[in-house]
Amino acid sequence: MMAGMRCHLTFLHAFSPLPSRAAGRTPGRAAPWWLCLVLLHAGSVQAMVPTQAAQQVAEGLARLDPWIPVLLSLWLLLGAYCWMRFTQPLRVQQRLRMQLEAGAPVAPPLSPWPLAGAALCVAAVLLLGQALANPAHALHALLVGWDEAAQRWSQQHVSVSVRAYLRHVTDVGDVLWLGMLSVLVAALLALRRRWLLLQVWVFAIGLNGLSTRVLKNAFDRARPEALHELVTSGASFPSGHTAGSVVVYGLLWWLLRGRVPRRSRTVLGAGLAVLVALIAASRIWLEAHFASDVVAGGLLGLAILGLAIGVLERARAQS
């Protein structure tokens, strides 16, 4: 019980507007270990949610499918509006400096690398989708052969007991658990009045969910035949578990990294990276997705994560 309380307090402190040094103390070094354990335990608990509840969530998402492109467009417009509002004071100051012929810029210029990296990742996802959907594409046979080889390996080497454990692991990347975790983090950010972090957190997670759903409906790839009684939502390409895990756990690490000691920061990052890798691998080994679906989900998640971190780093440089 004491260990759980220590983890909870450290997690809350990570979203405090004051740095740890200003508070005169540093978080416990065991906190990152406890955070990873809590995430894994939560996944095992979530796995006990009745199948009917998961099916109702999948049916609800399916009913929203006709409206998903419209929602994505509105979400992007909202993000662009918030970005313009955020950068407006900087643009005004820069114009004043130009009029006054002041040499020093208000803030360093916006780096093109986050946007360029995100564009490359999205282009790779679209290329994979086109190659898989078009049998005449030069990469189609290669990708399908890779998917079939990964599926055969899973069928031959993943035992029933390992598959039972993987179902607990994969639930840590499920929309139900990621949704609950996202709401918890958003509530903590709101309580701490971290409004910019809250906006970026909500926008990135919403963008990931909507864009994943649009791609699923656009390519409409059938899932593997052997689903091992898993409840799935939408088509196979790309993997929503993988994309969501990259975005949520990647942003969570970015939020926590400045609030823990350097050594614990490395342990936390490695632990969350391993967790995301296990979630991605579990989707292949459970035959819920083909390997190319997981790769596409990882690329999509990296694109959104890179954009979110680029905005946050820009805000830190501007402040």
**Closest heavy-atom pair and its distance - P238, L300** = CG-CD2, 4.3 Å
**Request:** Please check if L302 and V274 belong to a single hydrophobic cluster, counting links between Ile, Leu, Val, Met, Phe, Trp and Tyr side chain heavy atoms closer than 4.5 Å.
**Result:** yes
**Message:** Closer than 3.5 angstrom, by distance alone: can the side chain of H157 be matched with the main-chain N or O of W153 as a donor-acceptor pair?
**Reply:** yes
**Message:** Between N217 and R213 (side chain of the first, backbone of the second, donor and acceptor by atom type, cut-off under 3.5 Å), is there such a pair?
**Reply:** yes
**Asked** Considering only heavy atoms from C-beta outward, does the side chain of L188 approach that of W201 to under 4.5 Å?
**Response** no
**Prompt:** Is I205 reachable from M180 through a run of I, L, V, M, F, W or Y residues, each pair having side-chain heavy atoms under 4.5 Å apart?
**Reply:** yes
**Hydrophobic cluster identity match, V185 and V183, side-chain contacts under 4.5 Å** = no
**Message:** Please check this pair: side chain of R265 against backbone of R257, looking for a donor-acceptor N/O pair closer than 3.5 Å.
**Reply:** yes
**Request:** Would you indicate whether the side-chain heavy atoms of L278 and S282 approach each other to under 4.5 Å?
**Result:** no
**Request:** Kindly indicate whether the side chain of H140, heavy atoms from C-beta on, has any atom under 4.5 Å from the side chain of V144.
**Result:** yes
**Prompt:** Can you check side-chain hydrogen bond (donor to acceptor under 3.5 Å, both in side chains) on T170 and R283, steps first, answer last?
**Reply:** CA-CA 7 Å; T170 203; R283 305 306 290 168; 2.9 Å; yes
**Item:** Any side-chain heavy-atom pair of W254 and E313 under 4.5 Å
**Value:** yes
**Complete:** In this structure, CG of L312 is separated from CG of L255 (nearest 0.5 Å) by 7.5 Å
**Item:** Pair D147 + R221, salt bridge at N-O below 4.0 Å
**Value:** yes
**Prompt:** Is there a side-chain contact between L76 and Y81, using heavy atoms and a 4.5 Å cut-off?
**Reply:** no
**Fill in**
The ring-ring contact (aromatic ring centres under 6.0 Å, His included) partners of F237 (sequence neighbours excluded) come to F219
**Message:** Donor-acceptor check, side chain of R163 to backbone of V158, threshold 3.5 angstrom: yes or no?
**Reply:** yes
**Request:** Spell out, yes or no, whether I279 and Y165 are grouped together once hydrophobic residues are joined by side-chain heavy atoms under 4.5 Å, including indirect joins.
**Result:** yes
**Asked** Which is it for E287 and Q155 under the side-chain contact (heavy atoms from CB on, under 4.5 Å) test, yes or no, and what are the steps along the way?
**Response** CA-CA 8 Å; E287 298 180 73; Q155 294 170 350; 3.0 Å; yes
**Polar side-chain atom of W75 near backbone of L210 as donor-acceptor pair, under 3.5 Å** = no
**Complete:** S245 and V276 have their tightest heavy-atom pair at O-CG2, 3.7 Å
**Complete:** When rounded to the nearest 0.5 Å, the distance separating CG of L71 from CG of L78 is 12.0 Å
**Message:** Do L207 and L72 have side chains that approach each other closer than 4.5 Å (heavy atoms only, starting at C-beta)?
**Reply:** yes
**Spacing of CG belonging to L127 relative to CG belonging to L299, to within rounding of 0.5 Å** = 10.5 Å
**Item:** Close side-chain approach of I284 to F290, heavy-atom, < 4.5 Å
**Value:** no
**Item:** Donor-acceptor side-chain pairing of D293 and S239 below 3.5 angstrom
**Value:** no
**Message:** Give me the atom names and distance for the closest heavy-atom approach of I304 to A204.
**Reply:** CG2-O, 3.5 Å
**Request:** Could you list who else is in L115's hydrophobic cluster, with ILVMFWY side chains joined at under 4.5 Å, directly or through other members?
**Result:** L307
**Message:** Test side-chain contact (heavy atoms from CB on, under 4.5 Å) on Y249 and L181; report intermediate values, then the result.
**Reply:** CA-CA 10 Å; Y249 294 123; L181 178 61; 3.8 Å; yes
**Prompt:** Between G306 and P114, which heavy-atom pair has the shortest distance, and what is it?
**Reply:** O-CB, 3.8 Å
**Backbone N/O of L268 and side chain of W253: donor-acceptor pair under 3.5 Å** = no
**Steps toward side-chain contact (heavy atoms from CB on, under 4.5 Å) verdict (L132, L139)** = CA-CA 8 Å; L132 291 167; L139 296 177; over 6 Å; no
**W195 atom CH2: more than 12 heavy-atom contacts under 6.0 Å** = yes
**Message:** I'd like to know if the side chain of H289 and the backbone of V294 have a donor-acceptor N/O pair within less than 3.5 Å.
**Reply:** no
**Request:** Report yes if some heavy atom in the side chain of L215 is under 4.5 Å from a heavy atom in the side chain of L126; otherwise report no.
**Result:** yes
**Request:** Check A222 against S236 and note the closest heavy-atom contact, atom names and distance.
**Result:** O-CB, 3.6 Å
**Prompt:** If you group Ile, Leu, Val, Met, Phe, Trp and Tyr by side-chain heavy-atom gaps below 4.5 Å, do L128 and L142 land in one group?
**Reply:** yes
**Asked** Can you check whether N208's main-chain N or O pairs, donor with acceptor, with S211's side chain at less than 3.5 Å?
**Response** yes
**Asked** Taking all atoms of both residues into account, what is the closest heavy-atom pair of L178 and G244, and its distance?
**Response** CD1-C, 3.7 Å
